[in-house]
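Here's the structure we're looking at; comments come further down.
FYI, side chains are in, hydrogens and waters are out, and symmetry mates aren't considered; it's all heavy atoms of this structure.
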Amino acid sequence: MDAKFVKHKEQMKEPAANLPHVLLVCHDRYLSGANRALIDWLEGRDHSKALITILLPRNNEESRRQFEALGCEVWSAPFVLSVKYLESQGLPRTIKGFMKRMWSLLVHPVLARRIARKAREKGVNIVHSNSFATTFGAEIAEAMGVPHVWHIREFCEEDHGFTHYNLSHLESLCKHSHAIFISDVVRDYQVQRHVFLSGSVIYDSVHFYPDVAISRSFMEDGVCNIIMVGAIAKGKGQLEAIKAVKILRDEGKNVRLYLCGQGDRGMLKPILAGCEDFILDLGYRDDVTQIRTMMDIALVCSRMEAFGRVTVEGQYYGNVVIGADAGCSPYLIENGKTGFLYEKGNSEDLARKIEFCIDNPALMMSIKSKARSVAIRCYANDISGHIYRIYEHVLATKFTGDRSNCLDMQWRGC
C-alpha cells in the first residue's frame, strides 16, 4: 500500500455524531483526473468532521482500495453517464450510446430510489457529485430530499465535446444544487448556461511528492524529451502535438514525444505511421511522476482546459510546460516566466515555442525553477476545509431553491 495512505490511516480520527455524512458520487470507476482530484482532497481532510461514502459506477478494485485507505466506505451501482457526444462516434459507439440512454431512462429511476433508501438508512444528509457528466447523484438527492453539491470540472461542449441528453431535466436539477467550480473560467462559462442555488470557486489541490528527485538538466543529453499526459481524445490535442513534433523533426531537431494516457488509439494510428522512432505511445502508466523527471517539456494542448492538473504536475516535477492559450492554462502559466502559451490549434506556433526552448536551455532551467516554486505554493494545499465549509452551508440552507442565502466562496491557492 502507498506510504501516504498507510500514514493517513494511522492518523484517522472517529467522526463525531450529527456531522455531515456525504455520499460522493463518481462519474467513472477508474483513477481518472476527476477521481485523482477527489483523492487528493480526501487525503488531506480531517476525518472527525465528516463521514464520506463513495459511490462508483460499477466496482474497480484499485479505486476501492485507495478510497478505503482514506477512510471511506465504498459502494457501487450500475449507473451510466447521461451525456451524448456532439460529433459522430461511428456505428458501434452510437449503438452503445443508445443502450446507455435507454438504461438511464428505464433503470436509473429505480436504481436512484434503491440507493436513496440505503443512503437514508446510513444517515447520509448530503449528496456530492464529483463531475457534471453524471446526473445520477442529483437524482439520488432529489429522491432523498437532501441537499446536492455538484463539483463542476467540465465545460462539457468545449472541452469534451458532449452535452446532456435531457437539458430540461438538467436545468431542474441545477436549480436545486449547489455548485463548486474548479476554476474561474469554468464558473464564468457555466453560470451563463445554468442557474444554481449557490456557486463557489475552489481550485483543485494537486498532491505533491517532495521526495521525487529531479536531477535532469534541460536537454542534458542533447535530446529534447517531450511528454504529453492525458486521455487520448480529439479535444486533448494529441494530433496537434504530433504535427508540431513532425515539423521539428523535418527541420533536423532532435526531439522525442512520449504519449501517456488511456483511450482509443484508433485516431493515432494513421498519423503515427513511420514515426515510431521519435513518437512513443506509452499507454496508461501509473508511474507518470517518475517518467516526468526524465522529460524536458510537457505539452498541454487541450482545446479548453477546465483546470490543468497535468500542467501543475509538469511544473512540480521539472518540465517546462507549453500550453494552449485557452481555458484555464493562461491562469496557470505566466507566458515566458513559468512556461509558454501558444495559439490554440496552431501546430506551427507550437513548434516555434518548442524550438525557442531548445535554443535557450539556460533560460529553461530558470523557468522550471520558478514554475515549480509557484505551483507548490499555489496548489500543494489542503482544500478540504473549504469543501467542509460548503457542506456546513448547505445543511444550514433549506432545500427550497431560495437564492437569498447563497454562498459565493472563492479560493484560488495564490
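- Within the structure, side-chain hydrogen bond (donor to acceptor under 3.5 Å, both in side chains) contacts touching residues 96-112 (residues at least two apart or in different chains) do not occur.
- Side-chain atoms of R29 come within 3.5 Å of backbone N or O of N59 as a donor-acceptor pair.
- Nearest heavy atoms, F155 versus Q190: O-NE2, 3.2 Å.
- In this structure, R256 fails the cation-pi test against Y258, since its NZ or CZ atom is not both closer than 6.0 Å to the six-membered ring centre and inside 45 degrees of the ring normal.
- Partners of A233 under the side chain to side chain contact (heavy atoms under 4.5 Å, CB included) rule, at least two apart in sequence or in another chain, are K236.
- Annotation: H27 is not in aromatic contact with F136 [ring centroid separation under 6.0 Å not met].
- Among residue pairs with one or both ends in residues 280-303, none qualify as ring pair (Phe, Tyr, Trp, His ring centres under 6.0 Å); sequence neighbours excluded.
- The nearest pair of heavy atoms linking A141 to P147 is CB-O, 4.2 Å.
- Residues Y209 and H207 place their aromatic rings such that the two centres sit under 6.0 Å apart.
- Aromatic rings from Y391 and H386 are positioned such that their centres are separated by 6.0 Å or more.
- Nearest heavy-atom pair across S177 and H148 is OG-ND1, 2.8 Å.
- Between the side chain of D287 and the main chain of Q290, no donor-acceptor pair closer than 3.5 Å is present.
- Aromatic rings from H178 and H393 are positioned such that their centres are separated by under 6.0 Å.
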